[in-house]
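A quick write-up on the structure given underneath.
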There are 2 protein chains.
Amino acid sequence: MAETIKILVADDHMMFVDGIDSILKDEKDIEVVGRCYDGPSVIEFLKNDNADLVLLDVNLPEMNGIEVCKQVNKSYSDTKILAISMFNEESFVTEILNNGAEGYILKNTGREELLTAIRTVNNGKTYFSKDVTQTIMKSLMKSRKASNSSKSGFIPKISRREKEVLKLIVEEYTTQEIAKELFISLKTVESHRSSLLAKMNARNTAGLVRITMENKLLD
Amino acid sequence: MAETIKILVADDHMMFVDGIDSILKDEKDIEVVGRCYDGPSVIEFLKNDNADLVLLDVNLPEMNGIEVCKQVNKSYSDTKILAISMFNEESFVTEILNNGAEGYILKNTGREELLTAIRTVNNGKTYFSKDVTQTIMKSLMKSRKASNSSKSGFIPKISRREKEVLKLIVEEYTTQEIAKELFISLKTVESHRSSLLAKMNARNTAGLVRITMENKLLD
DNA sequence: ATATATCTAGGGGTATTCCCCCAATAAAAT
DNA sequence: ATTTTATTGGGGGAATACCCCTAGATATAT
C-alpha cells in the first residue's frame, strides 16, 4: 500500500525539473529516481533502471515526446506516462495519447493537481487537466461540424446523390455496380463522379477517397 | 445579465422530468418552458416555441437522441443541447457530440453539477461529467492501440517499396508518375500495385486508399 | 419569376487500372 | 544452405476510369 511511486522526470529545462523535484520530495509515497534532459536519455535510463511513471515533456530535443512515448510504451509497458506540456495544443494531446500516454497536464498546473495526476495515473487510471479536456472535446466536435456544415470554404457542398455515389466508391464499388445499386445509368454515375472530382479538386479515385476520409465527408 | 435560461426537457420517463423540473424551479435564472416525452415532439415544440437549451435524453423512443440532436443543430443552431443519459457508453457520447451536443452528463449527476452544466453550456462552453471524460479519453487511446495491433494481424506486412508506392497512390499519383518518381519501370509499379491489392484484400484503388487511411498504414 | 444547381443520360475517345501469364536478381529468413 | 520474400521487368488484353461534349427535367434558392 505504502509503496513508493518511482518517477523519472524528463524535461529539457533544468529549472523545471528542479521545481518538480522540490514539489515531489516532500511526498512520502513518491520518489524521483531519475532526471533526463532529452529523449534518448529516457530510453537509456529505462534500460538499466526501473520507473513506475515518466513525467514526460512533449517537446523534448533530439527525440520528441511522442517518439519517446511510443518506445517506452512498447518496450516498458508497465511504465506509465504522464505527459506534460506548456501548450494546450490539440495535435500534441491526441498524438501523445494515441501513443500510450495515460495522462496530460499543463505546465501551469499547481502542486496539488500535479500530485493528484501522478497518483491517479499510477493507479492505472487516466488524468487530464480541465483545460486539456476542453480542448479535446472541442476538437472532437469541430471535426464533425466542419464537414457537416460543408465548411463552405474548402470543399463545395456535395449533393445528396453525389454523396451516395461517393459512399459506394469508397466501398470499392465500380461505376457499373454503383449504377446497378442506385438504379441509374452508367453515364449518370460517371457524371456524378466527374462532378465529385471537380468539387473535391481531386485527380482520380484515390484522391476522392483520401479527401473523403480526411474530411470525414461521409457518416 | 439576469436573463432567464429557457429550457426544454426531453425524456421519456415522466418521473425523471418531474425531478429535473423541481430542481430547476428554485433557480431564478432558469425556466423550464416545455417537456417532451419523445423525439418528434422536440422538433414540433421548437417549430412554435423558443428554447435556449434542450436537456436531451440520448435514448428516446421513436426518434433517438442523436437524430433529434442532428435536426435541432441544423434547424435551430442557436439552441444548445445538453445530452443526458443513464449510460456512460463511449458510442453514445461520441455519436451525440459529433452531432452537435455541447455537453454530456449522466443521470446520476447531482443537483449542483446539473446546474453547473446548464449554465456552462448556456454560456457557449462545453460541459462533461468527469466519468464521461474518462470514457472518452480511454476510447481515444484504445482506438489507436487496436488499429496498431490489428495491423500485424489482418494486413500482412507491407514492404518498404510497396509502402512508397502506396504513399504515392494515396497522393493521387498515377502509375506512370510513380514510375518516374521512383526511377523504376511502369511494369514494376504495376507489380507492386497488384501485390498491394492482394495483401490488403482490396478490389481497386479506392479500397487501397480507404484501408490505408483506416489503418493509418503510412505513419 | 428567374437564375442556379441537381439529377438524369448519351456519344465518343483516351488514359489508367487491373488481370493473366512469365522470370531474373537480390535480400532475408529458416 | 535452402527456401521464401522483395524488387525488378515484360507482353498482352480486358475492364474501368477519366475527359470532352451536349441536354432535358426537376429542384432550390434569390
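Basis for what follows: all heavy atoms, side chains included, without hydrogens, waters or symmetry-related copies. Below, chains carry the letters A, B, ... as their sequence lines are ordered, and counting in each starts from 1.
- Residues passing the salt bridge (charged side-chain N to carboxylate O under 4.0 Å, His left out) test with Lys6(B): none are found, sequence neighbours excluded.
- Only at 4.0 angstrom or more do the heavy atoms of residues 162-171 of chain B sit from any atom of DNA chain C, so none qualifies.
- In this structure, the helix from dA1(C)-dT30(D) to dT30(C)-dA1(D) shows an angle of 80° between the axis at its start and the axis at its end, each fitted on 5 base pairs and rounded to 10°.
- Between the side chain of Ser77(B) and the backbone N or O of Asn73(B) there is no donor-acceptor pair closer than 3.5 Å.
- Ion pairing between Glu67(B) and Lys70(B) holds under the 4.0 Å rule for side-chain N and carboxylate O.
- For Thr188(A), no side-chain nitrogen or oxygen approaches OP1 or OP2 of dG10(C) to under 4.0 Å.
- When rounded to the nearest whole Å, the span between CD1 of Ile158(A) and C1' of dA5(C) equals 14 Å.
- Asp21(B) is linked by a side-chain hydrogen bond (donor to acceptor under 3.5 Å, both in side chains) to Arg35(B), counting only residues two or more places apart in sequence or in another chain.
- Side-chain contact of Ser41(A) with Asp38(A): a donor-acceptor pair under 3.5 Å is present, judged by distance alone.
- With sequence neighbours left out, Glu177(A) forms a salt bridge (charged side-chain N to carboxylate O under 4.0 Å, His left out) with Arg203(B).
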Starting at the 5' end of nucleotides 11-30 of chain C, put B wherever the base has a protein heavy atom under 4.0 Å, S where only the sugar-phosphate does, and a dash everywhere else. BB---SBBB-----------
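- Rounded to a whole Å, the NZ atom of Lys199(A) is 11 Å from the C1' atom of dC7(C).
- Scored by the salt bridge (charged side-chain N to carboxylate O under 4.0 Å, His left out) test, Glu181(B) finds no partners at all (sequence neighbours excluded).
- The span of DNA chain D lying next to chain A, judged by atoms under 4.0 Å from heavy atoms, is bounded 5' to 3' by dT16(D) to dC19(D).
- For the side-chain hydrogen bond (donor to acceptor under 3.5 Å, both in side chains) test, no residue two or more places apart in sequence or in another chain qualifies with Lys180(B).
- Using a cut-off of 4.0 Å between Lys/Arg side-chain N and Asp/Glu carboxylate O, Glu162(A) and Lys199(A) are scored as salt-bridged.
- Comment: Glu164(A) does not engage Lys167(A) in a salt bridge, judged by the lack of any side-chain N to carboxylate O separation of less than 4.0 angstrom.
- Lys107(B) is linked by a side chain to side chain contact (heavy atoms under 4.5 Å, CB included) to Asp11(B), His13(B), Phe16(B), Asp57(B), Ile84(B), Met86(B), counting only residues two or more places apart in sequence or in another chain.
- Scored by the side chain to side chain contact (heavy atoms under 4.5 Å, CB included) test, Ser185(B) finds Lys187(B), Thr188(B) as partners (sequence neighbours excluded).
- Using a 4.0 Å cut-off, no side-chain N or O of His192(A) falls inside it from OP1 or OP2 of dT6(C).
- Partners of Asn204(B) under the side chain to side chain contact (heavy atoms under 4.5 Å, CB included) rule, at least two apart in sequence or in another chain, are Glu172(A), Ala206(B).
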